[in-house]
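See below for the structure under consideration.
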Amino acid sequence: MANIAPPLPPLDVTRAPEGGEVGPVQSGWRLAAREFVRNKLAVVGLAILAFFVLFCFGGPLVYHGNLLNTNLLGVNLAPGPGHPMGTDNLGFDVLAELMKGGQASLEVGFLAAAIGIVIGALYGAVAGLLGGIADAVLMRIVDVFLSVPILFVVLIVAVRYGASVLSLSLIIGAFTWLVPARLVRGEVLTLRVRDFVSAARAAGSGRWRLINRHLIPNALSVIIVNVTFNVADAILLVATLGFLGFGLHYPTFDWGDMLSNGIGYLQAGYWWQIYPAGVSIILVVMACNLIGDALRDSLDVRLRKR
Amino acid sequence: MTAYLLRRLGTSIVIVVGISIFIFAMLHAIFPSPAITVLGARANTVLINAYNREHGFDKPVLVQYLHYMNGLVHGNLGYSYKLNQSVAQLFQERWARSAYLSGSALVLAILIAVPLGIYQAVKRNTLGDNAATTVAFVLYAMPDFFLYLIAIALFALAFPIFSYEASQSTSVPTVMLDWHAMTLPIVCLTLLNVAGYSRYMRSSAMDSLAQDYIKAARAKGLPERLVLLRHLLRNACLPMATLIGLSIPALLAGNVIAEYVFNYQGLGLLFINSLNNEDYPVLLAYTLVGAVLTVAGNLMADIALTVADPRIRLS
């Protein structure tokens with residue numbers, strides 16, 4: 001009966017017939033994108049994230065604050081002309097610091113999440129595909145790692161090796177692949193018995209091709225959702241490391257380092273050395289979580305309203 | 001059920017052994033020997049080699065691991081070279097203070113999160129629900145230490161109601177009675193836990209609300225209060241058991257940061273100090289203890305669920 005129903009504008013939900021939407025066939029990704037854009041909070045999250053990327057990486061091109069020369073005559077200045085966000089205890093410009101610190105926070109966040117997700121997706125896909133004893137052993141290894149309090153391990157390793165953005169990302173990535181591995185394995189377990197996988201097998205696909213071309217692309221929605229949460233967690237973890245004093249080494253620093261520096265002036269009331277960095281962390285992490293929630297809702301067909 | 005629990009216990013033991021191998025190997029790779037720490041930075045190779053030979057640090061890693069594990073089984077957690085004290089003794093002095101901080105925060109968080117989650121599920125999408133969700137969402141995105149800083153700035157400096165430092169007493173009863181110093185750390189840690197739990201509690205309560213037994217309870221004319229109290233509460237609490245078991249690593253990590261910010265002499269602060277001192281026997285022992293607690297937490301959560309949920313118990 002679908003053929004004789006009048007064509008409906010695809011965006012109008014309220015007028016959709018009982019049996020579901022009738023409209024031109026659209027790809028799953030486009031449907032998901034539409035669902036995502038309709039979620040106002042998701043758009044807000046995306047806007048916040050875009051703003052901070054622009055602010056941190058584009059900002060230094062237009063705004064040149066002093067980050068090199070200690071200026072003892074201009075320490076701990078309150079926000080005012082010349083220093084829109086004041087200066088810190090060395091006379092460095094807080095606004096410029098906020099941009100540079102944000103670069104490191106965002107870089108580590110995204111890089112660590114990417115590393116973790118690549119390891120986790122491959123590991124989970126291999127475990128799910130192999131099945132049997134190999135799967136059991138591989139997943140027990142995940143269980144072992146999941147039982148190690150990650151902050152402790154990352155702190156211990158970071159003290160020795162975590163001086164740069166790359167090394168810190170590697171360390172965090174090396175301990176955050178566990179949840180994605182579990183999720184992807186679960187997804188692969190349901191995918192591997194599907195017909196298209198059997199067809200690919202029958203056509204002579206090797207294991208690597210199967211994983212690469214068939215399983216991971218189909219598990220992609222799970223992976224993408226997890227990336228956003230991993231970015232948020234990594235940014236929080238880096239900030240914590242920086243705050244405790246075991247993060248990046250100067251001249252690279254992140255928002256956590258700035259907070260660690262500012263805590264000494266809490267009693268003096270130099271709020272501009274604490275709140276801008278703290279609020280930036282919260283906003284970015286919140287944006288990632290908002291995007292993640294919205295992606296999960298829009299990519300999971302079961303959660304979609306229709 | 002017994003077979004299931006035995007199998008579950010078996011996997012837990014395997015995981016604990018795996019964890020001990022991993023943590024020992026990792027710390028051994030980072031700090032192969034405390035020789036330099038003990039002898040000083042200017043010790044020469046002959047002295048270092050002699051020290052390593054004398055204390056068994058030249059033996060193969062496997063032998064060292066077995067030796068360490070043997071000590072562990074007999075209650076010897078190692079020896080802190082920096083503090084010149086056995087690790088077991090250090091832990092004994094401090095664990096109760098950490099347990100008090102985590103324990104009270106955990107209990108308070110459960111007492112708040114469970115009713116809050118049920119309230120949010122019943123009053124879904126009202127102003128109260130949305131407000132609670134928003135607050136939890138912001139807290140969830142907040143680095144632990146930033147919440148502590150705000151709390152100190154507000155309630156210890158701007159309005160000096162509480163102390164900015166946790167109690168420094170070594171006697172646990174004194175610490176417990178010192179509300180002036182302990183309120184901020186406990187309340188902050190509680191808030192962070194509530195932010196983590198209430199989300200799950202809300203969705204769990206919402207799932208339970210849609211079940212037939214709730215309809216049946218309402219249909220037989222039970223007042224709403226009793227429906228919630230007798231029928232919903234117990235069922236909605238089931239996921240909390242798992243959640244609490246899973247949140248033990250977060251609790252321990254939360255302790256590290258809270259104890260650092262509030263200068264509270266517990267295990268977390270000991271960990272941070274040991275990191276600064278490169279006092280690796282303490283780091284090794286504490287990471288191991290944390291991991292064992294995590295496994296034990298998960299195991300206990302599973303056992304609790306098995307006991308509480310007849311659907312699992314009878315299958």
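Throughout, protein chains are lettered first and strands after them, A, B, ... in sequence-line order, and every chain is numbered starting at 1.
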Between A:L151, A:L290, A:I156, A:D143, the one whose heavy-atom pairs under 4.5 Å with chain B are most numerous: A:I156

Heavy-atom pair count under 4.5 Å with chain B, highest-scoring of A:V284, A:I282, A:V285: A:I282

Side-chain contact test, heavy atoms from C-beta onward, threshold under 4.5 Å: evaluate it for [X] versus [Y] and give yes or no.
{"X": "A:L41", "Y": "B:F137", "answer": "no"}
{"X": "A:T240", "Y": "B:D144", "answer": "no"}
{"X": "A:L155", "Y": "B:F271", "answer": "yes"}
{"X": "A:F246", "Y": "B:I272", "answer": "yes"}

Heavy-atom count around [X] [atom1] within 6.0 Å, excluding the residue itself: above 12?
{"X": "B:L6", "atom1": "CG", "answer": "yes"}
{"X": "B:F162", "atom1": "CZ", "answer": "yes"}
{"X": "B:F57", "atom1": "CZ", "answer": "yes"}

Contact origin within [X] toward chain A - heavy atom pairs under 4.5 Å:
{"X": "B:Y280", "answer": "neither"}
{"X": "B:M26", "answer": "side chain"}
{"X": "B:S274", "answer": "neither"}
{"X": "B:L157", "answer": "side chain"}
{"X": "B:L27", "answer": "side chain"}

Minimum heavy-atom distance B:G290-A:P149, with the two atoms named: C-CG, 3.8 Å

A:I281 side, atom CD1; B:F145 side, atom CZ - distance, nearest 0.5 Å: 5.0 Å

Winner by heavy-atom pair count (cut-off under 4.5 Å) against chain A, out of B:V17, B:I257, B:N276, B:I152: B:N276

Chain A contacts, top residue of B:P143, B:A29, B:G18 (heavy-atom pairs, under 4.5 Å): B:P143

side-chain contact (heavy atoms from CB on, under 4.5 Å) partner of A:S147, chosen from B:V292, B:L293, B:I19: B:I19

Aromatic plane relationship, B:F146 with A:Y275 - under 30° parallel, 30 to 60° tilted, over 60° perpendicular: perpendicular

A:A232 portion near chain B, given a 4.5 angstrom heavy-atom threshold: neither

